2 protein chains.
Amino acid sequence: MSAPQRATPDAAPARADVRRNRRRLLDAARAAFTEGGVDAPPAEIARRAGVGVGTLYRHFPDRASLVDAVLGDRYDTLRDEADRLLDACAASGAFAALTTWLDLFACHLALFQGMADSLRPTLLEPAVDAARGCDAMLAAWDRLFTRAQQAGAIRRDARPRDILRAVNALRWATQGTPTATQEADRLRALLLDGLRYQHTDGIRAGR
Amino acid sequence: MSAPQRATPDAAPARADVRRNRRRLLDAARAAFTEGGVDAPPAEIARRAGVGVGTLYRHFPDRASLVDAVLGDRYDTLRDEADRLLDACAASGAFAALTTWLDLFACHLALFQGMADSLRPTLLEPAVDAARGCDAMLAAWDRLFTRAQQAGAIRRDARPRDILRAVNALRWATQGTPTATQEADRLRALLLDGLRYQHTDGIRAGR
DNA sequence: ACCTGAACACCGTTCAAGT
DNA sequence: ACCTGAACACCGTTCAAGT
């Protein structure tokens with residue numbers, strides 16, 4: 001019914017003021033997210049940007065699109081890191097590659113308050129969300145995980161998406177405390193020891 | 001300033017209609033929680049109970065007090081189970097006692113949608129909430145956990161509250177999916193293998 | 001085309017009036 | 001004393017009017 005869309009809908013718009021508004025909104029959102037988490041009120045973001053709320057909604061129809069825009073190319077960077085670590089597996093070991101990447105992922109989750117809640121639906125299978133900017137990252141993680149399984153570094157009966165959901169959840173568990181990051185790290189280390197542990201070894205510490 | 005409170009503020013009130021309203025509210029809340037989770041709208045609960053919203057707020061000033069009242073003596077039951085399992089450690093092993101109790105705890109978390117979110121602040125250290133009805137349960141869990149550590153069944157560098165928060169988080173991670181319970185079970189099993197794993201053994205599955 | 005912000009919709013909580 | 005539910009407060013979203 002309507003005229004054909006532009007081939008590159010995410011390209012920079014023609015009008016300078018539109019680009020400027022978008023830039024201001026992203027800066028304002030980043031600042032608001034940093035102070036109040038990803039659930040910062042729309043009115044506050046618009047006020048900081050010096051625009052009306054309607055402009056915010058015009059540029060970013062829903063919360064997820066705003067969060068993703070603020071996140072920018074972080075998911076691509078995480079994907080690149082995963083691919084880089086996959087190549088380095090032979091040198092430093094598949095398990096080390098896994099933990100190194102999950103540290104990066106955990107760091108990403110700590111960027112703003114509320115990130116864990118925001119990402120939860122995306123990490124479900126089947127995904128409730130349309131997978132946001134992170135499809136490629138998830139695929140790269142799957143490759144890294146499969147490599148570790150093939151190398152015998154982690155148990156066979158675990159699924160890659162499970163671990164991501166768990167790491168996300170463990171971050172959620174500790175959010176809002178002064179020592180959130182280190183507590184999340186401790187819980188993640190525990191989980192990773194479980195992932196590393198092979199049932200077939202038949203070795204158990206206790207009775 | 002005011003007249004002294006009754007010695008037993010939680011005792012059944014004198015008036016029959018007040019008791020009846022309380023009963024109705026609890027029944028309505030349980031039904032609403034079952035269908036819509038612990039965040040079910042106050043108006044719906046009051047409507048189901050056949051009372052005004054004001055009556056709901058009079059009986060239960062905040063959401064937590066309503067949830068706790070609906071939960072009833074479940075935390076006491078969980079405490080009793082923990083104590084019972086502590087006694088049975090000699091027969092079936094401290095680790096088995098731990099997993100058995102955590103299964104019960106996980107089952108409790110699955111009672112209503114939103115339970116994990118509701119319990120998160122309570123499980124933080126220092127607790128953000130005034131600890132609700134579950135102080136005694138948490139203390140019993142600490143005993144069970146310490147026993148397992150003393151028996152060498154689990155690693156020394158883990159803290160009891162950590163595990164509870166983690167189990168709660170893993171439930172949160174899977175909520176809303178058709179297979180939520182079994183997926184949470186799988187993630188919990190992974191975590192528990194990590195808990196069981198002893199660093200001092202020096203045995204690792206991978207490289 | 002795009003922007004503005006008042007108006008609208010929604011929902012949790014309170015409290016003046018009633019019993 | 002307790003109950004009722006309209007009124008209030010708050011907040012996210014929309015859209016008629018303006019540029």
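Chain letters run A, B, ... following the sequence lines, proteins first, then strands; residues in each count from 1. Just so it is clear, the model here is predicted, and its values are computed rather than measured.
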Is there a donor-acceptor contact under 3.5 Å from the side chain of A:Trp101 to the main chain of A:Leu78? yes
Taken to the nearest whole Å, CZ/A:Arg20 to P/C:dA1 is 20 Å
Which string of ( ) [ ] | and . matches DNA chain D, if you list each base 5' to 3' and count Watson-Crick or G-U pairs only when both distances are under 3.5 Å? ||.|||||...|||||.||
Test your reading of the model: is there a side-chain donor-acceptor pair from A:Arg120 to the backbone of A:Arg165, 3.5 Å cut-off? no
Under 4.0 Å between a side-chain N or O of A:His59 and OP1 or OP2 of C:dC3? yes
Non-neighbouring partners of A:Arg159 that pass side chain to side chain contact (heavy atoms under 4.5 Å, CB included), sequence neighbours left out: A:Asp162, B:Arg186
Reading nucleotides 12-19 of chain D from the 5' end, what letters show protein touch, with B for base, S for backbone sugar-phosphate only, - for no heavy atom under 4.0 Å? SBBB----
When rounded to whole Å, the CZ to C1' distance for the pair A:Arg22 and C:dA1 reads 17 Å
Which pair of non-hydrogen atoms, one from B:Leu191 and one from A:Leu187, has the smallest distance, and what is that distance? CD1-O, 4.3 Å
Rounded to whole Å, please give me the gap between CG in A:Leu25 and C1' in C:dC3. 11 Å
Whether B:Trp172 and A:Trp172 hold their rings parallel, tilted or perpendicular, with breakpoints at 30° and 60°: parallel
Between C:dC11 (P) and B:Ile45 (CD1): distance, integer Å: 14 Å
Please check if the number of heavy atoms outside A:Arg63 that lie under 6.0 Å from its CZ is greater than 12. yes
Provide the closest heavy-atom pair for B:Ile154 versus B:Phe95 in the form atom of the first, atom of the second, distance. CG2-CD1, 3.7 Å
Side-chain N or O of A:Arg15 closer than 4.0 Å to phosphate OP1/OP2 of C:dA1: no
Is the distance from OP1 or OP2 of D:dC2 to the nearest side-chain N or O of B:Asn21 less than 4.0 Å? no
Ignoring hydrogens and angles, tell me if any N or O in the side chain of A:Gln113 forms a donor-acceptor pair with the backbone of A:Gly36 under 3.5 Å. no
Gap between atoms CZ and P, on A:Arg58 and C:dC2 respectively (whole Å): 5 Å
Using the side-chain hydrogen bond (donor to acceptor under 3.5 Å, both in side chains) definition, which of the options B:Arg20, B:Arg19, B:Arg15 pairs with B:Asp17? B:Arg15
